[in-house]
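What follows is a set of notes on a single structure, which appears directly below.
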Amino acid sequence: MTSDIQTAAATCADYIRQAQNIVLLSGAGLSTAAGIPDFRGPHGLYTKARIKNPELIFDLDVFDEDPAPFYEFHREFLKMLDRLEPTYAHRFFAALEKEGKLKAVITQNIDSLHHRAGSQTVYEIHGGIWNTFCRGCGMKYDHDKATELTLADESKIPVCESCGGVLKPDIVFFGEPVKFLMESQDVIRQSDLLFVVGSSLTVTPAAMLPNLARGRIVVINKGPTSPYFLPPSRIDLFVDSYIDDFIALVDKHLDLLED
Ligand code: CNA
Ligand code: ZN
């Protein structure tokens, strides 16, 4: 571990001490340490569920005609999540909210690990599995109930207990608008410290959000982030490190979490 990382951790801890309005924008990299792979890599979920055309699976018209291919993916995803826990970093940001410092988590992830870590104000801009809705009557099912219905009999599509309509997790499909864009823009504009963690900043509109910040920006990402939407000159601290390793060093200064 280089002293540069130690210095960056001390600086980051100082930024947190000085801040009153912290916001986190998280991406897929925050969840890789939990064991969630990318979607398209050799061990990715699309590959595992033999999905060749994801744009056809996450398409509302296709789903309404035949939800079976989507559910092939979704069952794999739910079974995997069941075995996983939120990461150290997920818990750290939940603890920062409990301290009153962090005002919101904006996430591109659909895994709902922020909720499971105890975060309260979470804007899942690409939706997530935390809520599921009936396509017929709109009835809402929570994560536990929807998982139970989805995995009960894998030869059947889960349906609404009230009207028999097909259930659809609240994931944003291709062509659907992202969620909570106004709220996300507002909290970022009001932030005095924005964390961008585990995102390559290539997927819009999420990638366009950090540049709205007027306060400090800390980026924690293994590898570069795209400079197109967030110019490097806007970043106060860029940490090219594994997220949990770095957050553990930061927490040595703040003591928010037990090890
Ligand atoms: P991305 O474009 O895949 O970028 C992730 C970044 O995280 C990359 O630059 C990686 O190098 C970096 N990274 C990975 N692991 C670590 C780690 N342990 N420590 C530090 N850095 C790490 O992901 P984005 O979120 O920016 O955008 C991609 C799409 C795919 C978004 O819509 C994601 O929500 C979606 N996705 C979601 C999940 C999930 O819900 N967990 C998983 C895979 C993809
Ligand atoms: Zn219904």
Side-chain angles (χ1 to χ4, degrees), residues 5 24-41 43-48 51 54-55 58 73-74 76-78 80-81 84-90 105-117 122-130 132-141 145-146 149 157-174 176 178-179 195-210 218-230 238-249:
I5 288 288
L24 165 68
L25 173 67
S26 68
L30 187 63
S31 293
T32 54
I36 301 183
D38 57 28
F39 288 173
R40 292 181 173 81
H43 304 291
L45 285 173
Y46 290 159
T47 317
K48 220 171 156 200
I51 293 169
E55 52 290 343
F58 296 101
F73 161 82
H74 191 53
E76 286 286 341
F77 193 50
L78 286 180
M80 184 187 67
L81 281 180
L84 303 178
E85 294 295 331
T87 65
Y88 189 88
H90 282 100
V105 172
I106 302 162
T107 187
Q108 300 169 76
N109 298 339
I110 59 166
D111 53 40
S112 298
L113 285 180
H114 284 296
H115 288 107
R116 284 174 57 192
V122 184
Y123 297 130
E124 293 183 308
I125 59 176
H126 296 167
I129 54 153
W130 200 242
T132 289
F133 294 94
C134 167
R135 290 290 290 158
C137 70
M139 190 155 132
K140 180 172 159 181
Y141 290 81
K145 185 67 186 171
L149 292 171
I157 300 300
V159 292
C160 177
E161 291 183 325
S162 166
C163 78
V166 171
L167 300 187
K168 176 186 171 287
D170 201 21
I171 297 167
V172 172
F173 277 23
F174 288 113
E176 287 188 293
V178 300
K179 296 168 183 284
F195 279 93
V196 178
V197 179
S199 174
S200 61
L201 292 183
T202 48
V203 177
T204 57
M208 296 157 85
L209 291 172
V218 173
V219 177
I220 311 168
N221 200 64
K222 193 90 195 109
T225 53
S226 167
Y228 295 111
F229 301 107
L230 183 64
F238 184 94
V239 186
D240 188 341
S241 156
Y242 285 107
I243 295 158
D244 277 357
D245 292 350
F246 181 70
I247 294 293
L249 289 178

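For ligands, and for the atoms within them, numbers begin at 1 and follow the listed sequence. Source: prediction; values computed, not measured.
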* To do: Look at the side chain of H126 and the backbone N and O of I110, then say whether any donor-acceptor pair between them is shorter than 3.5 Å.
  => no
* Is ligand 1 less than 4.0 angstrom away from at least one heavy atom of A33? -> no
* To do: Check each of P224, G127, S199, G27 against atom 26 (O) of ligand 1 and report the one with the nearest heavy atom.
  => S199
* What angle, to the nearest 10°, do the atoms SG (C137) and SG (C163) form about the Zn ion (ligand 2)? -> 110°
* Is there at least one pair of N or O atoms, one from G223 and one from ligand 1, spaced under 3.5 Å apart? -> no
* Asked: So how far is it from D111 CG to F77 CZ, rounded to the nearest 0.5 Å?
  -> 5.5 Å
* Subset of ligand 1 atoms that lie under 4.0 Å from at least one heavy atom of I36 -> 41 (N)
* **Distance (rounded to the nearest 0.5 Å) between T132 OG1 and M139 CE** => 11.5 Å
* To do: Just jot down the ligand 1 atoms closer than 4.0 angstrom to any heavy atom of D111, in number order.
  => 39 (C), 40 (O), 41 (N)
* Asked: Hey, is N109 touching ligand 1 through its side chain, its backbone, both or neither, going by heavy atoms under 4.0 Å?
  -> both
* Geometric N/O contact I243 with ligand 1, under 3.5 angstrom -> yes
* To do: Please could you name the atoms of ligand 1 that S31 approaches to less than 4.0 Å, counting only its heavy atoms?
  => 41 (N)
* Asked: Is the NZ or CZ atom of K222 positioned over Y242's six-membered ring, under 6.0 angstrom from the centre and within 45° of the axis?
  -> yes
* To do: Report the distance from atom CG of L30 to atom CG of N221, rounding to the nearest 0.5 Å.
  => 10.5 Å
* Would you kindly specify which portion of Q108 sits under 4.0 Å from ligand 1, judged on non-hydrogen atoms: side chain, backbone, both or neither? => both
* Enumerated ligand 1 atoms positioned under 4.0 Å from heavy atoms of G29 -> 5 (C), 7 (O), 13 (N), 14 (C), 15 (N), 16 (C), 17 (C), 18 (N), 22 (C)
* Asked: If you measure from OG1 on T204 to OH on Y228, what distance do you get to the nearest 0.5 Å?
  -> 14.0 Å
* Would you find a donor on one side and an acceptor on the other, under 3.5 Å apart, between the side chain of S112 and the backbone of W130? -> yes
* Supply the atom-to-atom distance I220 CD1 to D244 CG, rounded to the nearest 0.5 angstrom. => 10.0 Å
* Structure fact -> So CZ of R116 and NE2 of H90: to nearest 0.5 Å the spacing works out to 9.5 Å
* Asked: By number and element, which atoms of ligand 1 are closer than 4.0 Å to a non-hydrogen atom of S241?
  -> 19 (N), 20 (C)
* Y242 N/O under 3.5 Å from ligand 1 N/O -> no
* Structure fact -> Heavy-atom proximity to atom 25 (O) of ligand 1 ranks first, among A34, A207, A28, for A28
